[in-house]
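Worksheet for the structure shown next.
Lettering of chains follows the sequences in order, A, B, ..., and the numbering in each one begins at 1. All values below were derived from every heavy atom in this structure, side-chain atoms included, with hydrogens, water molecules and symmetry-related copies excluded.
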Amino acid sequence: MTDILEYLNNEQQQAVIHTEGPVMVVAGAGSGKTRVLTFRIAYLLQKGIDPFNILSLTFTNKAAREMKARITSLVGSEAKSVWMGTFHSVFARILRADGHLLGYPSNFTIYDTDDSKSLIRSIIKELQLDKKTYPVNSILGRISASKNNLIDSVQYNNDPEIIDADKAAGRPFIGKIFSIYDKRLFQSKAMDFDDLLFKTNILLRDFPEVLYKYQNKFRYILVDEYQDTNHAQYLIVKKLAANDENICVVGDDAQSIYGFRGANIENILNFKKDYQDIKVFKLEQNYRSTKNIVNAANGVIAKNKDQIQKEVWTANEKGQKIPLIKASSDTEEGALVAHSIFETKMNNQVSNKDFAILYRTNAQSRALEEALRKRNISYKIYGGLSFYQRKEIKDLLGYFRLVINPNDEEALFRVINYPARGIGKTSQQKIIIQAQRFEVSSWEVIYNPNAYGLDVSGAVKKRLYEFVTMIESFSAQLKRKNAYELAKHIAKTSGILKQLNDDKTPEGISRFENVEELLNAINEFSEREVEGQENSIRPLDEFMQDVALLTDQDNEDKNSSDKVSLMTVHAAKGLEFPYLYIVGLEENLFPNMQALNTRSELEEERRLFYVALTRAEKMATLSYAESRYKWGNLLFSEPSRFLEEIEQEYLSQPFKPGVGKHLNKPLKESRESTKDHSKYKKIPSTPTNQQQKKEEASSNEGTFHSSSMDELQVGSRVEHKRFGVGEILSLEGQGPNKKATVHFSSVGQKNLLLKFARLKVIKE
DNA sequence: GGACGTTCTGTTTTT
DNA sequence: CAGAACGTCC
């Protein structure tokens with residue numbers, strides 16, 4: 001047995017060997033946080049603690065896997081029995097085991113955000129509410145915030161304060177939507193992301209025997225990224241740890257960047273109040289970055305009010321000053337960044353994988369991709385539309401979901417008429433209506449249409465019968481066939497493969513390939529043997545269990561080839577790169593406009609920038625563009641205030657703020673009182689805002705008219721949002737893809753594809 | 001019922 | 001600009 005402690009510095013050792021009682025490790029960026037967690041678990045195991053008694057909650061499943069591998073290499077294979085994973089995946093597992101107490105079967109479906117939104121959309125429609133007054137996103141946000149604070153729909157509707165707030169915002173029916181939403185989830189035997197935490201809380205609250213069971217099992221609990229836990233997660237941890245109080249939380253308040261998801265920075269700030277005899281260890285030495293980067297980053301958050309006092313320092317070399325790239329447009333920004341990567345590669349003899357480009361929003365990746373492609377630099381995008389969210393993938397997964405849990409309503413209506421089999425919208429509506437009338441799932445209705453008085457033609461009934469029979473035949477094979485065989489059988493029999501194969505457009509081919517890739521992944525899963533159960537079949541439901549919880553980060557890098565990484569700052573958490581580019585440093589983009597309402601929101605944006613900077617080892621380059629295309633509009637921007645907030649001495653060239661001033665909105669103090677913070681987390685944007693915009697636009701009526709295709713003719717005077725007034729010189733082509741050459745007085749001639757061009761005919 | 005065309009509408013970060 | 005929603009026609 002090796003003495004694993006010799007790998008650690010003094011501070012880290014202390015945090016590792018203090019195994020009993022509550023421990024908080026406040027770990028600055030790059031200070032070896034993961035190392036401490038890993039070694040702490042290894043140390044526990046070496047001490048003879050049963051791996052079965054350890055629970056480790058990490059931020060991504062990938063982090064858990066890597067930690068496990070590391071621990072295995074330190075102390076051997078017993079590490080494999082430690083429970084490790086994200087909050088969501090660990091508690092999904094618990095709910096699959098004990099959720100029956102709450103009325104859920106173990107094969108319940110996990111609805112992802114798309115499923116939730118789609119359900120809410122249909123509820124709003126059924127209630128005949130105006131979707132502009134009830135925007136799906138904010139409704140879901142409201143429900144989510146509520147669940148994260150352990151307020152269910154009944155409490156929501158009984159809380160006069162909440163109801164009054166909704167009424168005041170002109171949306172009295174949110175509570176009703178919430179109730180129906182939850183009822184429908186339950187009928188579908190499904191849980192949304194927030195339910196995984198919410199229901200776990202209920203389970204532990206209402207069933208003491210379950211609580212005891214897990215308290216007894218998890219004698220040692222470790223939580224990573226504690227600064228990003230929300231109230232529901234906080235409570236679960238607190239309950240589980242209540243007996244032994246062998247809890248170790250690791251985090252960095254300066255890296256709390258998930259406030260929008262209900263993360264409550266108070267959790268870490270107040271940890272001391274929750275436990276007595278708590279030991280606090282601070283890891284302040286940064287091993288990752290140069291002095292310049294560490295100091296610049298420290299300066300950015302120094303202005304924040306909410307923080308735990310600590311001083312991150314480094315013994316590393318000073319390093320070079322931070323270069324600043326100023327571009328005129330997003331295209332140029334991409335080109336300059338690509339150029340800089342090219343040069344740096346040459347000058348330092350390093351490879352693509354040593355580089356990363358971080359941005360605030362996913363949409364920014366496009367210009368960068370193009371620039372990199374032009375220079376033949378290969379890259380990989382993390383996040384964005386994840387593989388599992390693509391339409392063709394969700395369609396096939398829809399079949400799998402339905403086979404496993406026929407009550408899954410979202411899956412049912414996704415696939416009931418795809419590929420087309422003559423069960424159209426009207427019939428689907430009728431099914432839903434009957435299902436709701438009898439308060440059963442839609443599957444029940446189509447399974448037994450006569451019993452529920454489903455009023456559709458005989459032909460449709462026949463098609464429904466065929467559909468039900470097909471799904472049932474799949475279900476019957478669930479335990480008999482391995483995941484791959486069944487998946488392939490379903491893909492063929494359902495007609496999905498054929499449908500996709502018939503589409504020979506480039507997009508169609510790529511969709512087909514995606515489906516093949518999914519099938520390959522399932523094949524790999526089927527063939528991977530699980531220790532202790534060799535020769536046993538690995539069925540499809542096992543594969544599907546936490547597909548909804550997989551993130552792009554979790555996809556193993558099969559070709560861990562030499563590529564530049566592109567991702568959002570959020571996705572970069574926990575990662576590090578020798579050469580880093582942070583792009584789009586423009587006021588309103590980063591810091592983000594939507595996030596600039598309260599002081600604490602600005603502070604979170606600063607922490608986000610801090611996280612970004614501290615990912616860099618040798619060099620961090622910043623860039624901004626003076627203008628940028630967004631939704632087809634050219635927008636001009638001010639350099640980000642963050643550039644001014646970095647001390648001059650850390651930048652390689654002087655930065656002077658532009659002539660214009662930031663449109664500094666006065667920042668409101670957020671409700672930080674204590675208890676009810678996120679109950680009213682975001683006051684949703686008032687409908688009046690949007691109505692006003694509409695009215696402004698329509699005040700032009702009389703002069704312009706929204707034009708249909710054939711109003712556009714050679715010689716027509718037209719107006720374009722961006723280019724102004726012009727005249728159509730020529731038209732070419734038929735149908736939707738007409739091309740027009742238009743002369744605009746402001747910019748000269750432009751060729752426009754009419755399908756996308758917004759031209760308004762000016763009527764005399 | 002379904003295909004195909006037109007119009008409208010997002011507009012942050014993610015488990 | 002892209003995708004969803006809506007409208008029209010067979």
side-chain contact (heavy atoms from CB on, under 4.5 Å) for Arg606(A) and Phe609(A)? Distances and angles first, verdict last.
CA-CA 5 Å; Arg606(A) 281 210 192 102; Phe609(A) 187 53; 5.6 Å; no
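- If you check distances only, the side chain of Thr113(A) does reach the base of dT15(B) with a donor-acceptor pair under 3.5 Å.
- Atom CZ of Phe193(A) is separated from atom P of dT15(B) by 8 Å (rounded to the nearest Å).
- Atom-to-atom, CD of Gln227(A) to P of dT14(B) comes out at 16 Å; the value is rounded to the nearest Å.
- Of the candidate nucleotides dA3(B), dG1(B), dT12(B), dA3(B) has the atom nearest to the side chain of Ala420(A).
- Remark: C1' of dC1(C) and CD of Glu369(A) are 15 Å apart, rounded to the nearest angstrom.
- For the pair Lys391(A) NZ and dA2(C) P, the computed distance is 18 Å after rounding to whole Å.
- If you measure from atom NZ of Lys117(A) to atom P of dA5(C), you get 12 Å, rounded to the nearest angstrom.
- One atom, CG of Asn588(A), and another, P of dT13(B), lie 15 Å apart when rounded to the nearest Å.
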Are Gln364(A) and Thr361(A) close enough, and set up right, to give a side-chain hydrogen bond (donor to acceptor under 3.5 Å, both in side chains), and what steps lead you there?
CA-CA 6 Å; Gln364(A) 287 166 255; Thr361(A) 67; 3.0 Å; yes
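- In terms of phosphate contacts, Asn362(A) brings a side-chain nitrogen or oxygen within less than 4.0 Å of OP1 or OP2 of dT14(B).
- At a threshold of 4.0 angstrom between heavy atoms, the contacts of Arg121(A) are confined to the sugar-phosphate backbone, with no base atom among them.
- Phosphate proximity of dT13(B) to Thr568(A): absent, as no side-chain N or O sits under 4.0 Å from OP1 or OP2.
- Phe59(A) has its ring centre less than 6.0 Å from the ring centre of Tyr258(A).
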Yes or no on side-chain contact (heavy atoms from CB on, under 4.5 Å) for Thr200(A) and Leu95(A), after CA distance, side-chain angles and deciding distance?
CA-CA 7 Å; Thr200(A) 302; Leu95(A) 286 165; 3.6 Å; yes
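- For the pair Asn137(A) and dG10(B), the criterion of a side-chain N or O lying under 4.0 Å from OP1 or OP2 is not met.
- Applying the side-chain contact (heavy atoms from CB on, under 4.5 Å) rule to Ser637(A) yields the partners Glu586(A); only residues at least two apart in sequence or on another chain are considered.
- In this structure, Lys125(A) reaches the sugar-phosphate backbone alone: every heavy-atom distance under 4.0 Å involves primed, P, OP1 or OP2 atoms, never a base.
- Straight-line distance from the NZ atom of Lys425(A) to the C1' atom of dG1(B): 10 Å, rounded to whole Å.
- With DNA chain B read from its 5' end, the first of the two nearest nucleotides for Arg421(A) and Phe59(A) is the one closest to Arg421(A).
- Once the 5.5 Å centre distance and the 30° plane angle are applied, the aromatic ring of Phe260(A) is found stacked with the base of dT13(B).
- To the nearest angstrom, C1' of dT12(B) lies 14 Å from CZ of Arg628(A).
- Note on Tyr258(A): only backbone sugar-phosphate atoms sit closer than 4.0 angstrom, heavy atoms only; bases stay farther off.
- Of the listed nucleotides (dC1(C), dT15(B), dT14(B)), dC1(C) has the atom at the smallest distance from the side chain of Arg366(A).
- The side chain of Asn417(A) contributes an N or O atom lying less than 4.0 Å from OP1 or OP2 of dG2(B).
- Leu608(A) comes within 4.0 angstrom of nothing in the nucleic acid, heavy atoms only.
- Checked against the 6.0 Å centroid criterion, the rings of Phe260(A) and His570(A) qualify as a close aromatic pair.
- Between Lys62(A) and dT15(B) there is no side-chain N or O to OP1 or OP2 distance below 4.0 Å.
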